[in-house]
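Read through the structure below, which is laid out as structure tokens, and then see the notes.
As the structure is a computational prediction, the values presented were derived from the model and not from experiment.
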Amino acid sequence: AKAAVLALSQDKNPHAFGGVDLVAQLEARVATAAPITGRIEDAFDPTDEFGGDYANVVGQAYAAQALSLVGSANATSVTAFLLAQQCDKGYFRQYFTADKTRTDQSCQGAPRAERGASTDATALAVLALQDVKGAPAKKAVKRAVAWLEDTQLGSGGFTDTGKTSAASNTNSTGLAGWALGETGATDSAALAAAAVRAQQVVANPCAQELAKEVGAVAYDFDTLTDGQGTGITKKTSDQWRRASAQALPVLRWAPRAAGDLTVTAPRTVAVGKPWTIRLTGVAPGERVCGQGMNERFERWPGRNPITRTTLVFDEVGSRTYTIWVGTQHRQLTVRVTG
């Protein structure tokens, strides 16, 4: 299903992609008997201890998209089964009902424990349904978009389950923001893009051990902080790759800075007194990195651009800082008096 969508997105023939008829293979994976008519199923050897049917709503979304685009006879049943995975609140769950013999295979017909919300599955279902014609698909998209907007955090980010009490991650934020942008909810998409940009590696001194990984997107702020200290390791590289790939599309909606970058500060400050660096021309999501002779600081943005940052000195002397915003930088010198 995913490979067929890839082929179609690149204007290639999914009936002969790398010598493989992806459509025929996908159609062969569609169940034709009730109660799971339209559900995709993995082919596996029951005698293999590692074998199993791992198909889920994400794959079902890709299947509905691909088969609808090629005009497959299976498109209607596959789409209907996908739409049945949308729960009453508007989100899509990630996994099908475990019991394939259960009469009602919909989300609402499943045991309560199998109705959990998935931001990723919801976003991917919205993206897939853009290529499915008909009122039911349009209605499902409208309900799913409303749920995504309701569960967006104040920071612009998203959690994987839609629970606003949990921490956001760039995987879910990237996919949700992408779906919102494609459906015209561009203000919400811009907020998501800013949240992702805040966790993207940029070429300035605060990158530290990530200096050679410019452009990579961390899964969350803890991952970014750890990476600044240790770099991307063999153990963490897969998470970085997945986060970067899923977060990338939403950056199309990343808002620009208003005006040119300026950095100003008082020429003289007193020991122990707070003083403020004021900035203009900072885009939402851009981090501010300060580099002094023996110190470095970084400020994390929220949904709005940073306009100032406050420091306190504990000894007299002259301090020169280079202030980085993204890859731009400005220099300032402050004299600290007793």
Side-chain angles (χ1 to χ4, degrees), residues 1-3 5-6 42 44 48-59 61-62 93-95 116-124 127 151 153 155-179 192-251 254 285-291 295-302 324 326-327:
K2 293 176 182 178
V5 171
L6 170 64
D42 284 330
F44 67 96
D48 183 349
E49 63 176 316
F50 299 109
D53 181 8
Y54 299 105
N56 59 28
V57 176
V58 171
Y62 280 106
R93 57 179 180 164
Q94 183 167 340
Y95 300 103
S118 169
T119 300
D120 293 23
T122 302
L124 289 168
L127 291 166
T151 57
L153 303 180
S155 64
F158 286 84
T159 65
D160 56 352
T161 62
K163 293 182 179 179
T164 55
S165 59
S168 66
N169 67 79
T170 57
N171 277 24
S172 299
T173 301
L175 290 178
W178 180 16
V196 166
R197 180 161 57 189
Q199 296 168 80
Q200 185 175 32
V201 180
V202 292
N204 65 41
C206 289
Q208 300 179 66
E209 295 303 313
L210 292 172
K212 296 182 179 179
E213 312 291 353
V214 173
V217 178
Y219 177 77
D220 55 23
F221 283 115
D222 287 342
T223 302
L224 180 61
T225 301
D226 290 344
Q228 289 171 324
T230 63
I232 297 177
T233 66
K234 183 176 181 180
K235 183 177 180 180
T236 62
S237 62
D238 183 61
Q239 186 189 67
W240 278 86
R241 279 195 300 270
R242 290 172 183 265
S244 298
Q246 291 193 184
L248 174 62
V250 76
L251 293 174
E286 284 191 303
R287 300 192 306 276
V288 173
C289 173
Q291 174 78 29
E295 61 182 313
R296 180 187 298 123
F297 66 86
E298 190 169 24
R299 296 292 183 265
W300 303 105
W324 297 75
T327 58

Practice task
To the nearest 0.5 angstrom, please state how far the CG atom of Asp238 sits from the OG1 atom of Thr233.
Solution key: 11.0 Å

Completion exercise
Interatomic distance, CG@Leu210 vs NZ@Lys212, rounded to 0.5 Å, equals 12.0 Å

Handout entry: Test side-chain contact (heavy atoms from CB on, under 4.5 Å) applied to Leu224 and Gln200, step by step
Key = CA-CA 8 Å; Leu224 180 61; Gln200 185 175 32; over 6 Å; no

Problem - Heavy-atom side-chain contact between Glu298 and Cys206 under 4.5 Å - result: yes

Practice task
Quick one: closest heavy-atom pair of Asp42 and Asp53, and the distance?
Solution key: N-OD1, 2.9 Å

Exercise for the section: Please check if the side chain of Asn204 supplies one atom and the backbone of Gly326 the other of a donor-acceptor pair under 3.5 Å. Expected result: yes

Handout entry: Thr223 versus Asp220, side-chain donor and acceptor atoms under 3.5 Å
Key = yes

Problem - Arg296 atom CZ, over 12 foreign heavy atoms within 6.0 Å - result: yes

Handout entry: Approximate separation, where rounding is to 0.5 Å, of Arg242 CZ and Asn169 CG
Key = 13.0 Å

Practice task
Decide yes or no for Val217 and Val196: does some side-chain heavy atom of the first lie under 4.5 Å from some side-chain heavy atom of the second?
Solution key: yes

Completion exercise
For Val250 and Ala192 the tightest heavy-atom approach is CG2-CB, 4.1 Å

Completion exercise
Heavy-atom closest pair (Asn171 atom, Ala243 atom, distance to 0.1 Å) is OD1-CA, 2.8 Å

Exercise for the section: Please name the pair of heavy atoms, one in Glu209 and one in Thr230, separated by the smallest distance, quoted to 0.1 Å. Expected result: CB-C, 3.9 Å

Practice task
Step by step, work out the side-chain contact (heavy atoms from CB on, under 4.5 Å) result for Arg287 and Arg197.
Solution key: CA-CA 9 Å; Arg287 300 192 306 276; Arg197 180 161 57 189; over 6 Å; no

Completion exercise
One should read off an interatomic distance between Tyr54 OH and Phe44 CZ, to the nearest 0.5 angstrom, of 8.5 Å

Problem - Val202 side chain reached by Glu286 side chain, heavy atoms, under 4.5 Å - result: no

Exercise for the section: Compute the ring centroids of Phe221 and Trp300, then answer whether they are less than 6.0 Å apart. Expected result: yes

Exercise for the section: Apply the test side-chain contact (heavy atoms from CB on, under 4.5 Å) to residues Val58 and Tyr95: give CA-CA distance (whole Å), side-chain angles for both, the deciding distance (0.1 Å), then the verdict. Expected result: CA-CA 8 Å; Val58 171; Tyr95 300 103; over 6 Å; no

Practice task
Please determine, by modelled atom types, if Asp160 and Ser172 share a side-chain donor-acceptor pair under 3.5 angstrom.
Solution key: no

Handout entry: Contact check, side chains of Leu124 and Val57, non-hydrogen atoms, under 4.5 Å
Key = no

Exercise for the section: First locate atom CD of Glu213, then atom OG of Ser237, and finally report the distance between them rounded to the nearest 0.5 Å. Expected result: 9.5 Å

Practice task
Verify whether one side chain among Thr170 and Thr173 offers a donor that lies under 3.5 Å from an acceptor in the other.
Solution key: no

Problem - Closest heavy-atom pair and its distance - Ala195, Gly156 - result: CB-C, 3.9 Å

Practice task
Side-chain contact test, heavy atoms from C-beta onward, threshold under 4.5 Å: evaluate it for Thr164 versus Thr159 and give yes or no.
Solution key: no

Handout entry: Heavy-atom closest pair, residues Gln246 and Leu175
Key = NE2-CD1, 3.3 Å

Handout entry: Any side-chain heavy-atom pair of Trp324 and Val288 under 4.5 Å
Key = no

Handout entry: Gap separating the CD1 atom of Ile232 from the OG atom of Ser244, nearest 0.5 angstrom
Key = 7.0 Å

Exercise for the section: Indicate yes or no: at least one non-hydrogen side-chain atom of Phe158 is less than 4.5 angstrom from one of Thr151. Expected result: yes

